[in-house]
J.: 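Below are the structure tokens for one structure; questions will follow.
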Amino acid sequence: MTTELRNQEITIQPEDSEVVLSVERISKKFCRNLRRSLLYGVQDIATELSGGKRTSAKLRSQEFWALKDVSFQLRRGEAVGLVGSNGAGKSTLLRIISGLINPDTGSVKIRGRLAPLIALGAGFNPILTGRENIYANMSILGLSTKEIKAKFEEVVDFAEIWEAIDAPVQNYSSGMAARLGFACAVHTEPDIFLIDEVLSVGDVKFKMKCHRRLAKLRENGTAFVLVSHNSHSILNICNTAIYLAKGQLITVGETEAVVRKYEEDLCLSGMEKATGPLILPKKSPDESFGLDITLVCFKDAQGNILETPMSGEPANLCVECFAHKYIDNANLGVVVKSLSGENDRVLYFTSASDNEFLKISPGNTELQIQMPYCCLIPGAYTAKIYIKSGVCSFDVVESFRFTVQADKTISRCLFYQPRTWKVISK
Ligand SMILES: Nc1ncnc2c1ncn2[C@@H]1O[C@H](COP(=O)(O)OP(=O)(O)OP(=O)(O)O)[C@@H](O)[C@H]1O
């Protein structure tokens with residue numbers, strides 16, 4: 001499988017008839033201060049009324065870019081997932097695409113009918129009945145009264161709200177309102193479907209029904225933009241993904257690679273990205289127990305220092321030490337923990353448990369744990385490294401922090417397992 005991650009640059013091809021959605025250099029700024037925000041709004045209206053031009057590409061005091069220069073295209077039948085942490089700008093992007101808010105710069109081109117399913121039930125009037133809301137909602141989504149009449153029973157059947165159809169929507173449970181919102185949107189048979197986190201609502205049976213329906217729509221050429229914090233939904237539904245952070249498009253490309261990059265960043269965020277060798281201060285003779293660890297690092301098979309080991313690639317964990325005397329049965333131990341906190345102890349090995357008793361001569365020595373491949377998945381780790389002889393401890397490094405990266409697609413599991421595939425005819 002090829003892993004393709006692109007940065008911000010994207011070629012917009014307006015002539016491509018398969019393109020149903022083209023988002024071109026969209027930027028949107030907001031102001032966190034409500035009073036100022038209202039003031040700017042009034043100023044902008046006044047400028048426009050007096051024939052002037054808004055300086056929309058510049059930030060005023062207390063404004064920030066919720067989206068900056070975001071471009072992408074969506075073709076018929078394609079599904080793109082939007083990933084990014086809270087406040088990254090995903091919902092803002094969907095709201096701009098659906099026309100709920102205007103961008104400050106850039107444009108959105110849509111070919112065909114668009115159905116935004118941005119907040120389930122949000123498009124409903126609570127005092128109107130389910131029946132009345134179906135008509136109101138579907139006509140906003142572009143269907144004629146005749147078309148809605150023809151689909152009405154199907155919508156009610158899908159939403160499974162037969163007995164409550166003439167009750168006001170404010171009396172519906174959140175699940176019922178969610179089902180009705182989904183049913184209205186899918187039955188408009190849109191060319192582009194925008195879905196924001198809504199697949200996580202409803203019971204399992206209804207979720208499965210939604211997924212089946214979405215698959216059918218997609219077969220018929222509907223394109224999707226899906227926002228979800230659930231990577232599994234994105235991986236199962238989308239063939240491409242976009243990773244947003246602080247309003248910027250970080251990467252766009254094949255779903256698994258983008259989700260991996262996002263999760264890697266998520267896992268590393270808040271902690272310093274640890275790379276390179278750990279050099280330890282020299283010990284005075286009083287502090288030493290006869291053998292001092294002087295350096296810990298990873299090296300490749302050729303002996304070059306590895307800033308970050310790569311999943312699936314050879315990696316030698318090297319421990320340099322200075323011995324004051326001859327030691328004939330040293331035991332080197334390594335305990336690796338994940339800094340993401342999910343897995344307590346991910347690796348633990350000692351030379352003694354491998355029946356290797358290391359002989360160390362006085363002076364400088366490098367001890368190597370040669371690993372044909374690094375089995376750790378991308379993330380941040382800490383290793384405790386010690387050298388003992390029996391119960392006598394010579395030296396210990398409490399925390400050697402390192403980061404593992406990957407240049408290939410690593411499936412979402414706990415370890416990386418290198419493998420080859422064969423077909424043997426019998
Ligand atoms: N109307 C608004 N006025 C001011 N700031 C806003 C407004 N709408 C959104 N923002 C801010 O813009 C940024 C992007 O918000 P957005 O809702 O698009 O993020 P998101 O990626 O959808 O986050 P989440 O995953 O939490 O839903 C956030 O900092 C948010 O606080």
Side-chain angles (χ1 to χ4, degrees), residues 8 21 23-45 54-72 74 79-108 114-123 174 178 181-182 192-201 224-235 237-238 240-252 255 258-270:
Q8 170 75 33
L21 172 68
V23 172
E24 298 170 20
R25 308 205 69 144
I26 287 287
S27 296
K28 179 74 189 169
K29 57 189 172 188
F30 285 124
C31 177
R32 294 221 185 269
N33 183 313
L34 182 62
R35 280 175 88 177
R36 230 171 233 280
S37 177
L38 291 172
L39 176 74
Y40 290 153
V42 174
Q43 276 176 356
D44 288 344
I45 293 168
R54 287 168 54 180
T55 49
S56 34
K58 280 203 183 122
L59 290 182
R60 293 167 285 192
S61 171
Q62 296 193 10
E63 281 187 325
F64 68 97
W65 291 113
L67 280 177
K68 187 84 178 107
D69 248 353
V70 173
S71 303
F72 73 94
L74 193 62
V80 65
L82 288 186
V83 295
S85 46
N86 294 132
K90 306 176 298 290
S91 304
T92 305
L93 183 55
L94 287 202
R95 278 154 68 207
I96 290 174
I97 296 171
S98 64
L100 285 174
I101 53 172
N102 287 323
D104 285 296
T105 62
S107 61
V108 175
L114 178 132
L117 204 51
I118 292 183
L120 273 181
S174 58
F182 196 89
I192 308 157
F193 206 168
L194 308 181
I195 308 174
D196 193 352
E197 282 294 356
V198 291
L199 291 178
S200 50
V201 293
F224 291 87
V225 182
L226 173 70
V227 170
S228 180
H229 285 283
N230 179 344
S231 302
H232 287 288
S233 290
I234 300 274
L235 287 164
I237 297 171
C238 305
T240 54
I242 291 171
Y243 169 20
L244 290 176
K246 293 185 183 151
Q248 310 260 0
L249 194 153
I250 305 293
T251 46
V252 48
T255 316
V258 175
V259 169
R260 186 187 72 221
K261 165 86 180 128
Y262 164 56
E263 291 189 339
E264 229 178 275
D265 288 354
L266 209 62
C267 157
L268 295 178
S269 65

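Order of appearance sets the numbers: ligands from 1, and atoms from 1 within every ligand.
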J.: Just by modelled atom types, is the Arg25 backbone N or O under 3.5 Å from a matching donor or acceptor in the Ser71 side chain?
T.: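 Confirmed, Ser71 side chain pairs with Arg25 backbone.
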J.: Would you call Arg60-Asp44 a salt bridge at under 4.0 Å N-O?
T.: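 Yes.
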J.: Does Thr255 use its side chain to pair, donor to acceptor, with the backbone of Thr240 at less than 3.5 Å?
T.: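 Judged by distance alone, yes, a pair lies under 3.5 Å.
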J.: If you define the side chain from C-beta out and look only at heavy atoms, does anything of Leu244 sit under 4.5 Å from Tyr262?
T.: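 They are not in contact (no side-chain heavy atoms under 4.5 Å apart), so the answer is no.
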J.: Drop me the distance from Phe224's CZ to Leu74's CG, to the nearest 0.5 angstrom.
T.: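 CG of Leu74 is found 10.0 Å from CZ of Phe224.
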J.: Under 3.5 Å, which donor-acceptor pairs link side chains of residues 87-100 to any protein atom two or more places apart or in another chain?
T.:
| from | atom 1 | to | atom 2 | distance (Å) |
| --- | --- | --- | --- | --- |
| Lys90 | NZ | Gly84 | O | 2.8 |
| Lys90 | NZ | Ser85 | O | 3.2 |
| Ser91 | OG | Asp196 | OD2 | 3.1 |
| Ser98 | OG | Leu94 | O | 3.1 |
| Ser98 | OG | Arg95 | O | 3.1 |

J.: Kindly tell me which protein residues have any non-hydrogen atom under 4.0 angstrom away from an atom of ligand 1, grouped by chain and ordered by number?
T.: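 The 4.0 Å shell around ligand 1 contains Phe30, Cys31, Arg32, Phe64, Ala66, Ser85, Asn86, Gly87, Ala88, Gly89, Lys90, Ser91, Thr92, Arg95, His229.
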